[in-house]
Amino acid sequence: MRYNFAKIEPKWQKKWEDAKAFQAVDFSEKKKWYGLVEFPYPSGAGMHVGHIKAYSSIEVLARKRRMQGYNVLFPIGFDSFGLPAENYAIKTNTHPHVITEKNIVHFSDQLKKVGFSFDWDREFATSRKDYYKWTQWIFLKLFDNGLVFRAKTLVNYCPHCKVVLSNEDSQGGKCDICHSDVVQLPKDVWYLRITQYADKLLYGLDDVDYPESVKQQEVSWIGRSTGAFVDFTVSPDKGGNAEKLEIYTTRPDTLYGVTFMVAAPEHPILDGMKDSITNWKQIEEYRAECAKKTEFERTQLVKDKTGVRVEGIHAVNPVNGKEIPLFIADYVMMGYGTGAIMAVPAHDQRDYDFAKAFGIDIIQVIEGGDISKEAYTGDGKMINSDFLNAYDKKKDSIEAMLNWLEEKGIGHKGVQYKMKDWAFNRQRYWGEPIPLVHCPVCGTVGVPYDQLPLELPEVENFEPGTDGQSPLAHIESFVNCSCPKCGGPARRETDTMPQWAGSSWYFLRFVDAHNDKAFADRAKIDYWMPVDHYNGGMEHVTRHLLYSRFWHHFLYDIGEVNTPEPYAKRSYQGLILGSDGEKMSKSKGNVIDPLDIVNVYGADALRTYVMFMGDYGSAAPWSDESLKGCKRFLDRTAALLDIMKDGDEDPEMEIKVHKTIKKVSEDIENMKFNTAIAALMSLINDFTKKGEISRFDLITFIKLLSPFAPHLTEEMWEELGENPDGTTFLTLSAWPEYDEAKTVDATIEIGVQVNGKVRGTIRLPKDCEKDAALSAAKEDPNVAKFLEGKTLVKEVYVPGRILNFVVK
RNA sequence: GCCGGCGUGGCGGAAUGGCAGACGCACAUGACUCAAAAUCAUGCGGGAAACCGUGCGGGUUCAAGUCCCGCCGCCGGCACCA
């Protein structure tokens, strides 16, 4: 058969679509399987080969599952709210809605041309009002349940994009969208209380099948630590009212080693005791100096310790009543713990550095290390610590101290997280309007559920205001409204939701994409959820993945979904690098457009290549030559039709075929797609070498290949007369079975070693007895040469594996 | 600094502790062709050989790319987090 991909690919894409071959059936009797890929942001640039690789894993699994008789849900949609569309709109003066819908058409066309087996009936876009109605609905549920709050704080602000960013979106002090430096600005911000779900997000990881690296990343992002909150007192030197200064520590066992305290420069206790502080001017100067630095500079550039002693007041160590000095220093952050620490220079390197710089006492309370050189952070016997001296293990002394603190009422056990609440608003146009109303009488009031969706109004000008306000703030007809509670005049919230809102629940919409009564029908949720396998990028682990788990846990808690965790299994794909080994980027000119490949080599070659190019989870550079190798493989597959012969099954070939069925089946399950394809290449080499193939073997072969190269194999299936009515598709036929007994060769070649070095090979029956194997091995002339004149010390025979003579 | 992952031919990469380099690419030679491309066939870690070879140094084992100890390098994440 001549392989005319340009003709057969559109042909089968149309037939599959017309026959709705990939339609998921709600409540089918078959076992369900829900495979999910991260739906794309429909950018103007169109699809990237990275999308193809990201989607191909679940695509291959989905096609195999259908052949295994599962009811498969493999959906696609578009994550279509976001800044790029809005920026493009500003540049070209076109409405983002128009641009987005146009891009969706383009993306859909591209996805179809690659032949992905999505159920297109469930397609949606997060920027359409029948979808964002339910994003707003869930937001209101969060609001009603006290998980939305507003706070004026220092926020991460991107001066270029003119938006406030969440912590997750400004990692490393850079804006995630434009990569410019983020600055700290005081601002009113809406937050989602994700920290309330910290433990659920942490412990939920125990119940899901995620790669260890993904779990680790979420664990360290959540950053749970256990320790103690302890009350110190701060008093004016001249007497007067003392104030409480609470600290958080993970090492309450070192309390006897505290020789000073440090508060964050912004700490409010200073303002409260301003009148007693004798060097206030110096404090103000230091505060101003710190305020100039970004969070990034304060934390990233580790440098000499700076700080100022707060004069006129002193702190008291509650365990021994000792008076100790109080400092302010920027190595203590207002945003973690209580914004103040007890300093134990003997056992904390930062405190040690500070003490050395400021000439403060260092008192050792744990034996070990060399305190004259550096802090000792290890375990050991307690010293200089009164009742704690009885203990010699950290664990025990911490527990003893915690009990003591609680008894005395000066401290208690506590937990801290590094994760912060989720800054949940953007001052931009192209996002879900936040359905809240500010009423001068009632305060913040939610838009009634029956008034959703709160539609994004039409505007003329998408430019964000220089005042850091959303373009919506300029539309009087939108802003002015009446309070849903009291009916009085009120103003609408004008910020929109961040990009991540729509993707935080989209997997639920796929189970019931056109429902206008609920975000999804509960019975359908119960049938389809959780997602059985979700593949996506490593870059989404601390954002989309965490955010969507949070929303899903919340929906579970209010009884809307059937499981706390949305995704049973997660995997990730490695990047496709440019052929120069660098990350693909427009500026480097090394970007590959998938449609260029489809046009020249065909979708099947592209699909096969991205799965063959290397370990799925690792980055691998693009190679046109290797791609051609995969195309050659498909050409040779097409040519198998020409050498098909009727006749008896060759027993040797039968074993090869059964081995390959086993290998390909298992490798696909383990996402070792590269070796699955290699096994098929190896098998085709055997067929070609033999110069003939049986009809049965050919059918088996194209079935195994069909998840990777569905168009070519479907065409061959038809050529074989297996699809007489045009809808008996190979891609829905039964996956080949193998017989375990037929995966073992009758005779096996094993290596014969002398003292661990291979000296020959022998062919033996598969369950050859030891004696027979040994004598066969000794007959090998090369082996005999190395045994000659030596004393045989030991003979090791591992049937089917190896034979080793140990001689002296 | 802490936590993960990785290090194998010219390249992408294979190897439940059991013949290192499967499969593919590139390359070489041959066939076909006036010729080239395509295709097909054969070869392809280094070394003349003994042997040597999986980042480096030790160790366990009959046997180590794989396990253990100590280093080096690269990639990703976190980070004055108390």
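Letters A, B, ... are given to chains in the order of the sequence lines, protein chains preceding strands, and every chain is numbered from 1.
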Selected nucleotide, minimal atom distance to Tyr331(A) side chain, candidates G77(B), C80(B), C23(B): C80(B)
Per Ser220(A) side chain, nearest of listed nucleotides A82(B), C78(B), A26(B): C78(B)
Whole-Å distance separating the [atom1] atom of [X] from the [atom2] atom of [N]:
X	N	atom1	atom2	answer
Asp353(A)	A79(B)	CG	C1'	15 Å
Ile684(A)	C40(B)	CD1	C1'	14 Å
Asn782(A)	A49(B)	CG	P	15 Å
Met334(A)	C80(B)	CE	C1'	16 Å
Asp642(A)	U39(B)	CG	C1'	13 Å
Lys631(A)	C23(B)	NZ	P	22 Å
Leu202(A)	C78(B)	CG	P	17 Å
Gln217(A)	C78(B)	CD	P	6 Å

[N], OP1 or OP2 - any side-chain N/O from [X] closer than 4.0 Å?
X	N	answer
Tyr336(A)	A82(B)	yes
Arg224(A)	C81(B)	no
Asn685(A)	A22(B)	no
Arg632(A)	C40(B)	no

Gly339(A) or Met681(A), whichever maps to the more 5' nucleotide of RNA chain B: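 Final value for this comparison: Met681(A).
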Position toward the 5' end of RNA chain B (nearest nucleotide), Met538(A) or Val806(A):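 This one resolves to Val806(A).
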Atom NZ of Lys215(A): over 12 foreign heavy atoms under 6.0 Å: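 Result for NZ/Lys215(A): enclosed.
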Lys778(A) atom NZ: more than 12 heavy-atom contacts under 6.0 Å: yes
Criterion side-chain contact (heavy atoms from CB on, under 4.5 Å) on Arg570(A) and Asp209(A), from CA distance to verdict: CA-CA 6 Å; Arg570(A) 170 79 178 186; Asp209(A) 178 12; over 6 Å; no
Using the [atom1] atom on both, measure [N] against [M] and round to a whole Å.
N	M	atom1	value
A41(B)	C25(B)	P	12 Å
C3(B)	G47(B)	P	43 Å
G4(B)	G12(B)	C1'	24 Å
U8(B)	G55(B)	P	6 Å
G46(B)	A37(B)	C1'	34 Å
C23(B)	U42(B)	P	12 Å

When you measure from the centre of the six-membered ring of [Y], is the NZ or CZ of [X] closer than 6.0 Å and no more than 45° off the axis?
X	Y	result
Lys794(A)	Phe805(A)	no
Arg759(A)	Phe786(A)	yes
Lys53(A)	Tyr616(A)	yes

Derivation of the side-chain hydrogen bond (donor to acceptor under 3.5 Å, both in side chains) call for Ser225(A) and Tyr248(A): CA-CA 10 Å; Ser225(A) 80; Tyr248(A) 174 73; 2.8 Å; yes
Considering only nitrogen or oxygen atoms on both sides, find all protein atoms under 3.5 Å from nucleotides 3-14 of chain B and state each distance.
| unit_1 | atom_1 | unit_2 | atom_2 | d |
| --- | --- | --- | --- | --- |
| C3(B) | O2' | Gln216(A) | OE1 | 3.1 |
| G12(B) | O2' | Met613(A) | O | 2.4 |
| G13(B) | OP1 | Ala619(A) | O | 3.2 |
| G13(B) | O3' | Asn674(A) | ND2 | 3.4 |
| A14(B) | OP1 | Asn674(A) | ND2 | 3.3 |

Heavy atoms under 4.0 Å, any strand shown: does [X] hit a base, just sugar-phosphate, or nothing?
X	result
Arg759(A)	sugar-phosphate
Lys757(A)	sugar-phosphate
Gly629(A)	sugar-phosphate
Asp635(A)	nothing

Chi-based syn or anti call at G9(B), which uses purine or pyrimidine torsion atoms and a 90° bound: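 G9(B): syn glycosidic orientation.
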Worked check of side-chain hydrogen bond (donor to acceptor under 3.5 Å, both in side chains) between Glu666(A) and Asn670(A): CA-CA 6 Å; Glu666(A) 291 176 355; Asn670(A) 297 324; 5.9 Å; no
Pull out every protein N or O sitting under 3.5 Å from an N or O of nucleotides 17-20 of chain B, one pair per line with the distance.
| unit_1 | atom_1 | unit_2 | atom_2 | d |
| --- | --- | --- | --- | --- |
| C19(B) | N4 | Glu749(A) | O | 2.8 |

Nucleotide paired to [N] in any strand shown, Watson-Crick or G-U, under 3.5 Å:
N	answer
U60(B)	none
C6(B)	G73(B)
G1(B)	C78(B)
A28(B)	U42(B)

Are side-chain N/O atoms of [X] and [Y] paired as donor and acceptor at under 3.5 Å?
X	Y	result
Arg763(A)	Thr747(A)	yes
Tyr609(A)	Ser623(A)	no
Tyr417(A)	Asp199(A)	yes

Heavy-atom donor-acceptor pair, Lys418(A) side-chain to C78(B) base, under 3.5 Å: no
Residues Asp370(A) and Lys373(A) bridged, charged N to O under 4.0 Å: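 Judged by the 4.0 Å cut-off on N to carboxylate O distance, Asp370(A) and Lys373(A) do form a salt bridge.
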